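For reference, the structure is listed below as structure tokens.
On a predicted model such as this, the values are computed, not experimentally measured, just so you know. This chain uses plain numbering: 1 for the first residue, then up along the sequence.
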Amino acid sequence: VISMLFYSSRYVVMKDARVEFCGYSVPHPSEDKINFRIQTDTTCSAEDALRTGLDNLQQATEVVLKKFEKAMAKHKKQTENAANESMDQS
């Protein structure tokens, strides 16, 4: 799960045109440590690129969450309607 978070973070940071390289490594699975490396052009710092990327990732996850919740509500309503119809027919 943690590696998915860092893979996603790396992906959104790399989408920034100012970023030339972005990568991460886990020195050892038993350590609570991740090395994250960002190399940018001269127009921004690595910290700015990371903050921008994380903001973009947060916005994307909020969009996905809203769509998921909307789809779940629709599915629940359809399931309840189908159950009510089958009870009415009995």
Side-chain angles (χ1 to χ4, degrees):
V1 172
I2 295 296
S3 62
M4 285 178 23
L5 173 65
F6 283 98
Y7 181 81
S8 300
S9 300
R10 179 192 165 280
Y11 176 78
V12 295
V13 170
M14 279 299 299
K15 289 186 67 78
D16 188 332
R18 304 169 300 174
V19 175
E20 296 172 353
F21 174 82
C22 182
Y24 71 93
S25 64
V26 180
H28 194 275
S30 66
E31 292 183 54
D32 290 336
K33 181 189 261 187
I34 301 240
N35 297 319
F36 212 83
R37 177 158 186 242
I38 301 171
Q39 183 176 329
T40 63
D41 62 17
T42 58
T43 62
C44 79
S45 69
E47 181 181 352
D48 289 340
L50 179 61
R51 288 183 186 278
T52 300
L54 294 177
D55 287 342
N56 292 342
L57 181 58
Q58 182 178 9
Q59 290 172 8
T61 56
E62 288 171 1
V63 168
V64 170
L65 179 60
K66 286 178 185 176
K67 287 184 178 186
F68 175 77
E69 289 172 340
K70 184 177 178 180
M72 284 298 296
K74 181 180 177 182
H75 174 72
K76 185 176 180 181
K77 185 176 180 181
Q78 288 174 341
T79 304
E80 288 172 353
N81 289 342
N84 289 337
E85 287 176 8
S86 68
M87 287 186 155
D88 290 342
Q89 292 176 358
S90 298

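No continuous path of hydrophobic side-chain contacts links Y11 to V64 [ILVMFWY only; heavy atoms under 4.5 Å]. Using a 4.5 Å cut-off between side-chain heavy atoms of Ile, Leu, Val, Met, Phe, Trp and Tyr, with links allowed through other members, V63 and F68 fall into different hydrophobic clusters.
Annotation for A49 and T40: closest pair CB-CG2, 3.9 Å, computed over non-hydrogen atoms. Here the closest heavy-atom approach between residue P27 and residue N35 is recorded as CG-ND2, 3.5 Å. Between C22 and V19, the shortest heavy-atom contact is CB-CG1, 4.1 Å. The two residues E20 and M14 make their nearest non-hydrogen contact at O-CE, 4.4 Å.
For D32, the side chain to side chain contact (heavy atoms under 4.5 Å, CB included) test picks out no residue, with sequence neighbours left out. Residues passing the salt bridge (charged side-chain N to carboxylate O under 4.0 Å, His left out) test with R18, sequence neighbours excluded: D16.
In this structure, E47 CD and T52 OG1 are separated by 10.0 Å, a value rounded to the nearest 0.5 Å. From R10, atom CZ reaches atom CZ of F21 across 7.0 Å, with rounding to the nearest 0.5 Å. For the atom pair OG (S45) and CZ (R51), the distance works out to 9.0 Å, reported to the nearest 0.5 Å. Separation of atoms CE (M72) and CD (E69) is listed at 10.0 Å; rounding is to 0.5 Å. Put simply, NZ on K66 and OG1 on T61 are 10.5 Å apart, with the number rounded to the nearest 0.5 Å.
With contacts defined as side-chain heavy-atom distances shorter than 4.5 Å, the pair L57/S9 qualifies. Between H75 and T79 the shortest side-chain heavy-atom distance falls below 4.5 Å.
Shown are E80, K76, K74; of these, the side chain to side chain contact (heavy atoms under 4.5 Å, CB included) with Q78 is made only by K74.
Note: Y24 and F36 have parallel aromatic rings, judged against thresholds of 30 and 60 degrees for the angle between ring planes.
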